[in-house]
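Below you'll find the structure, written out as C-alpha cells, and then a few comments.
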Amino acid sequence: MRPPERTRQELDPVGAYSNRLITMTAAISALVFAVVVVVAGLDAVDNPGAAVLSLVVIAASSMIVITATDPYRGPFQRKSHGWTVALGVFAAGLLAVAAGDAPAHASMGWVAPVVLGLFSIGMAAYRPVRELVGFGGVAAVLIGFIVMLQAVKDVSDVPPVVTVAFVVLPLLALNLSAGAFTDSMIKSIEHWHVRATQAVDRMSEEREPGIARSVQQDRVTILKQEVVPFFGEVLANNEITPDVRERARSIADAIRAVMVAEVDRTWLENVVDHLRGRARRGGEGQSQPSTILDDDNIANLMSYDQRTALRALLVAIYDNAHGRPEDLEIMLARADGRCRGVLTLRVDMTDGLVKSRFGPYLAVMRVVFRRVRAEYLQSVLTVRFSYDQ
C-alpha cells in the first residue's frame with residue numbers, strides 16, 4: 001500500500017469525490033479566462049504565435065487537472081501537480097515573450113498567475129497543504145523573476161518591485177486561500193477520525209462479550225442437535241456396541257468438519273452470503289450465485305480499511321442489482337509478492353451511470369489499495385486491485 005498522505009482525498013475520499021465539480025469548474029474557468037484575455041489582446045502583442053502557444057500549454061495543464069483527478073484514474077499524484085505548475089510557469093514565459101516591450105503589469109502579464117491560482121483551488125482537495133503552498137510559492141518566485149526581467153525594460157515610472165507584487169498577487173492570494181481552507185478541513189476530518197475511532201473501540205469492547213456468547217450458543221446448538229440425543233440413546237441402552245462406536249466417530253467427524261469449514265471461511269464469503277440472504281429475506285427471490293475464488297484465504301490479509309472499502313462496493317453492487325447481480329465473480333491470488341484481486345460483474349447500465357453509481361466506492365478503493373483499475377466494456381464491469389501480503 002502507498003504511504004498515506006495528509007490530503008483530503010486520503011482522509012475523506014468520498015468528500016474529495018464530491019469536490020470534483022469544483023475542480024472541473026476551476027480548471028475550465030482558468031482556461032476560458034486565459035483564452036478571453038489572450039485573444040482580446042492579440043493585436044497589441046509583438047509575437048502572436050507565442051501567445052497562442054501559451055493557450056495550448058494552459059489547455060494541456062487544464063486537461064491534466066481534469067483527467068488526473070478523475071476517480072477512475074486517481075489518486076492525484078505529486079507528479080501531476082508538478083506538471084501542472086511547470087506548464088503554468090512555462091505559459092507565463094511564453095506570454096512574456098509575446099508581450100515584447102509592453103509593460104508587464106498590463107494586458108496579459110497576470111494571466112498565468114490567475115490561471116495557476118484557480119488551479120490551486122481545483123487541486124486543493126488532492127494534495128497536502130505544504131506541497132500546495134510550496135509549489136505555489138515556487139511558481140510565484142519564478143513568475144516574479146520573469147516579470148522582473150520585463151519590468152527592468154519598462155520605461156514607465158512604476159517601480160519593478162511594485163510590478164512584480166501586482167502581477168503575482170492573484171496567484172499568492174488564491175493559493176494561500178486554498179491552502180488555508182484545506183488545512184482547516186483536514187484538521188476537522190482528523191478530529192472526527194479520532195472521535196470515530198474512540199467510539200468504535202468502545203463499541204467493540206461492548207460487543208465482544210455478545211459475540212463470544214453468540215459463538216458459544218452456536219456450538220451448544222450443534223451439541224444439542226447431534227451429541228445430546230446420541231448420549232441419551234447410549235445411556236438408555238446401557239451398552240456400547242461397534243455400531244455405537246461407529247456412530248460416535250461419524251458424529252465427531254461431522255462436527256469437526258463443520259467447525260473447520262467455519263474457520264476456513266473468509267470474511268468476504270460471509271459478506272456475500274449475508275447479502276444474498278438479505279435479498280431473499282427482502283422478497284427479491286432467489287439471488288444468482290456469486291463465485292469467490294480464494295484458495296489461499298488471502299482475503300483475510302486485507303486491512304480493516306481495505307475490507308470496509310470492498311464491502312461497501314459489494315453492498316452497492318447488490319443494491320443496484322436489486323439483490324441479484326449477474327455473473328459476479330471475485331478472484332484473489334498471490335502474484336509477484338503481492339495479493340491481487342479481480343472483481344467482474346455484468347451490469348446493464350450506461351457508462352455514465354456506472355461511473356455515477358460506483359464512482360464514490362472506487363474513489364475510496366483507490367486510496368486504500370495499492371493499485372486499482374476499473375474498466376467497463378460490453379456491459380461488464382471489471383475492477384482490478386492489489387494489496388500487500
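Heads up: numbering here begins at 1 and tracks the sequence.
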When you measure from the side chain of [X] to the backbone of [Y], do you find a donor-acceptor pair of N or O atoms at a distance under 3.5 Å?
{"X": "Q306", "Y": "V368", "result": "yes"}
{"X": "R127", "Y": "S120", "result": "no"}
{"X": "S29", "Y": "A26", "result": "no"}
{"X": "Y376", "Y": "V347", "result": "yes"}
{"X": "N175", "Y": "G117", "result": "no"}
{"X": "R357", "Y": "I317", "result": "no"}
{"X": "E131", "Y": "P128", "result": "no"}

Is any side-chain heavy atom of [Y] closer than 4.5 Å to one of [X]?
{"X": "Y387", "Y": "I298", "answer": "yes"}
{"X": "S61", "Y": "F119", "answer": "yes"}
{"X": "M123", "Y": "V65", "answer": "yes"}
{"X": "R340", "Y": "R384", "answer": "no"}
{"X": "T344", "Y": "L328", "answer": "no"}
{"X": "V115", "Y": "L171", "answer": "no"}
{"X": "V383", "Y": "V342", "answer": "no"}
{"X": "N300", "Y": "R307", "answer": "yes"}

Where do [X] and [Y] come nearest, in terms of heavy atoms and distance?
{"X": "G88", "Y": "L116", "result": "CA-CD2, 3.8 Å"}
{"X": "G122", "Y": "T23", "result": "O-OG1, 2.8 Å"}
{"X": "L55", "Y": "L31", "result": "O-CD1, 4.3 Å"}
{"X": "D294", "Y": "A299", "result": "OD2-N, 3.1 Å"}
{"X": "A139", "Y": "V85", "result": "CB-CG1, 3.7 Å"}
{"X": "A309", "Y": "V364", "result": "CB-CG1, 3.8 Å"}

Which distance, rounded to the nearest 0.5 Å, do you find between the [atom1] of [X] and the [atom2] of [Y]?
{"X": "L381", "Y": "L345", "atom1": "CG", "atom2": "CG", "result": "6.0 Å"}
{"X": "L293", "Y": "I330", "atom1": "CG", "atom2": "CD1", "result": "9.5 Å"}
{"X": "L332", "Y": "F385", "atom1": "CG", "atom2": "CZ", "result": "5.5 Å"}
{"X": "S62", "Y": "L118", "atom1": "OG", "atom2": "CG", "result": "10.0 Å"}
{"X": "M302", "Y": "T308", "atom1": "CE", "atom2": "OG1", "result": "11.0 Å"}
{"X": "M365", "Y": "R373", "atom1": "CE", "atom2": "CZ", "result": "14.5 Å"}

* **Short N-O contact, D296 and R334, less than 4.0 angstrom** => yes
Assigning hydrophobic clusters by single linkage (Ile, Leu, Val, Met, Phe, Trp, Tyr; side-chain heavy-atom cutoff under 4.5 Å), is [X] placed with [Y]?
{"X": "V271", "Y": "F358", "result": "yes"}
{"X": "I28", "Y": "V111", "result": "no"}
{"X": "L301", "Y": "L313", "result": "yes"}
{"X": "L314", "Y": "F369", "result": "yes"}
{"X": "V167", "Y": "V114", "result": "yes"}

* For the pair F135 and R78, evaluate side chain to side chain contact (heavy atoms under 4.5 Å, CB included) and give the outcome as yes or no after the intermediate values. => CA-CA 10 Å; F135 278 25; R78 178 181 299 173; 4.1 Å; yes
* Check the pair L94, N47 against side chain to side chain contact (heavy atoms under 4.5 Å, CB included), reporting the backbone distance first and the verdict last. => CA-CA 9 Å; L94 290 173; N47 191 337; over 6 Å; no
* Please test L95 against V38 for side chain to side chain contact (heavy atoms under 4.5 Å, CB included), starting from the C-alpha separation and ending with a verdict. => CA-CA 9 Å; L95 290 172; V38 172; 4.0 Å; yes
* **Over 12 foreign heavy atoms within 6.0 Å of CZ, F90** => no
* Should we count CZ of R130 as having more than 12 external heavy atoms under 6.0 Å? -> no
* **Full working for side chain to side chain contact (heavy atoms under 4.5 Å, CB included) between L310 and L343** => CA-CA 10 Å; L310 184 54; L343 183 151; 4.2 Å; yes
